[in-house]
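Data block below; observations after.
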Amino acid sequence: MAVLRGGRHCRREAIVLAEFSVVLMWSNLMGTKFTVYDHGVSPAKAQGLVEKACMRQELAAVCYETNVLGFKGPRKMSVIIPGMNMNHERIPFQPRNDRESLLSKWQNRAMENLIELHNKSPVWNDDTQSYVLNFHGRVTQASVKNFQIVHENDPDYIVMQFGRVADDVFTLDYSYPLCALQAFAIGLSSFDSKLACE
């Protein structure tokens, strides 16, 4: 269940399982940049805490490319996640301020211990007069929300795919290096209205 709470300059959605908040997702006012956090304490509230383990981690950031001129075509998005160690475990990413966030590091190209993923570019199909991706039967209906996530070093390895299978029904497949929470939050970000992307 997703809970939407209003904010002044951003929106926050909490993905709730039973009575416990599992992950929080904040977006900017335009709905083009999202940050996904675990259930830890924010740095502002954690200043007196001795345990760094209690401070929240950033699990992912999603950035949709703006389209202020209104060109028709597929959305473009980047996904930034913490890197993995030699044991294939996520490296904890606990920024103390906005300058150390996943989005800030990505914008400043400080990508040490971070992984950058992108949506796979669809190809134009003359028969259907639309952009298409091969979902191998997993997605059955056209939607602007349909996407596949890949790493630029291996565009044939689908890290995640998300797409419509019926009215208000979507399917989500993910694989390493994403976890279920990261994948679900990335998929959820596609539902938010994007003032500058459509």
Side-chain angles (χ1 to χ4, degrees), residues 1-64 77-108 110-119 145 147 149-151 158-162 170-192 194:
M1 170 170 73
V3 178
L4 182 64
R5 297 186 181 110
R8 188 166 176 214
H9 295 291
C10 57
R11 290 189 297 250
R12 177 174 71 170
E13 294 183 51
I15 300 168
V16 178
L17 181 61
E19 295 293 320
F20 303 99
S21 175
V22 177
V23 67
L24 294 173
M25 180 167 55
W26 289 88
S27 74
N28 65 351
L29 187 60
M30 301 292 281
T32 57
K33 295 180 181 174
F34 297 82
T35 304
V36 181
Y37 303 98
D38 73 357
H39 60 279
V41 179
S42 75
K45 293 178 183 174
Q47 293 202 345
L49 293 177
V50 177
E51 290 279 334
K52 188 177 179 186
C54 294
M55 200 166 80
R56 73 179 177 199
Q57 293 184 47
E58 285 190 19
L59 301 177
V62 182
C63 185
Y64 289 86
M77 65 191 282
S78 297
V79 175
I80 304 91
I81 60 173
M84 308 301 271
N85 65 23
M86 297 302 284
N87 294 326
H88 304 286
E89 298 167 337
R90 184 175 48 248
I91 298 170
F93 191 83
Q94 297 174 296
R96 294 175 301 236
N97 56 54
D98 288 341
R99 292 182 312 278
E100 297 176 359
S101 71
L102 286 171
L103 282 172
S104 273
K105 293 212 175 261
W106 175 70
Q107 289 168 334
N108 294 320
M111 298 298 291
E112 184 178 347
N113 291 326
L114 300 180
I115 299 171
E116 182 177 4
L117 305 167
H118 298 278
N119 65 310
K145 295 173 181 70
F147 63 85
I149 299 294
V150 296
H151 190 278
I158 307 298
V159 175
M160 175 184 163
Q161 62 182 19
F162 180 81
F170 290 78
T171 185
L172 170 74
D173 301 320
Y174 70 94
S175 58
Y176 181 83
L178 293 179
C179 71
L181 288 175
Q182 289 169 315
F184 186 71
I186 294 164
L188 190 62
S189 75
S190 73
F191 286 97
D192 198 42
K194 293 164 187 30

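With Asn97 contributing its side chain and Glu100 its backbone, the two residues share a donor-acceptor pair below 3.5 Å. Under the 3.5 Å distance criterion, the side-chain polar atoms of Asn108 are left unmatched by any main-chain donor or acceptor of Ala110. No side-chain donor-acceptor contact under 3.5 Å links Ser78 to the backbone of His118. A donor-acceptor contact shorter than 3.5 Å is absent between the side chain of Ser101 and the backbone of Pro95. Between the side chain of Asn87 and the backbone N or O of Glu89, no donor-acceptor pair lies under 3.5 Å.
Ile81 and Leu102 get closest at one heavy-atom pair: C-CD2, 4.5 Å. Heavy-atom minimum distance, Arg56 versus Asp38: CA-OD1, 3.3 Å. In plain terms, the two heavy atoms of Ser189 and Phe34 that are nearest each other are O-CZ, 3.7 Å. Closest heavy-atom contact between Met25 and Ala185: SD-O, 3.5 Å. Between Trp106 and Cys63, the shortest heavy-atom distance links the atoms CZ3-SG, 3.6 Å. Here the closest non-hydrogen pair linking Phe147 and Asn119 is CB-CB, 4.5 Å.
By the 4.5 Å heavy-atom criterion applied to side chains, Gln182 and Arg90 are counted as neighbours. Residues Val36 and Leu181 have side chains not in contact (no heavy-atom distance under 4.5 Å, counting atoms from C-beta outward). Residues Lys105 and Glu58 fail the side-chain proximity criterion, which asks for heavy atoms closer than 4.5 Å. His151 places a side-chain heavy atom less than 4.5 Å from the side chain of Leu117.
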Apply the test side chain to side chain contact (heavy atoms under 4.5 Å, CB included) to residues Val159 and Val150: give CA-CA distance (whole Å), side-chain angles for both, the deciding distance (0.1 Å), then the verdict. CA-CA 5 Å; Val159 175; Val150 296; 5.5 Å; no

Go through Phe93 and Leu114 one step at a time and tell me if the side chain to side chain contact (heavy atoms under 4.5 Å, CB included) criterion holds. CA-CA 9 Å; Phe93 191 83; Leu114 300 180; 3.9 Å; yes

Can Met77 and Ile186 be said to form a side chain to side chain contact (heavy atoms under 4.5 Å, CB included), step by step? CA-CA 10 Å; Met77 65 191 282; Ile186 294 164; 3.9 Å; yes

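The distance from atom CG of Asn113 to atom CE of Met84, rounded to the nearest 0.5 Å, is 12.0 Å. In this structure, Ile158 CD1 and Ser175 OG are separated by 8.5 Å, a value rounded to the nearest 0.5 Å. Residue Ile115 holds its CD1 atom at 11.5 Å from CD1 of Ile80, rounded to the nearest 0.5 Å. In this structure, CE in Met86 is found 10.5 Å from CD1 in Ile91, a value given to the nearest 0.5 Å.
Phe170 and Phe191 have perpendicular rings, their planes meeting at more than 60° on a 0 to 90° scale where under 30° would count as parallel.
For the 3.5 Å distance criterion, the side chains of Tyr37 and Ser42 fail to qualify, holding no donor opposite an acceptor.
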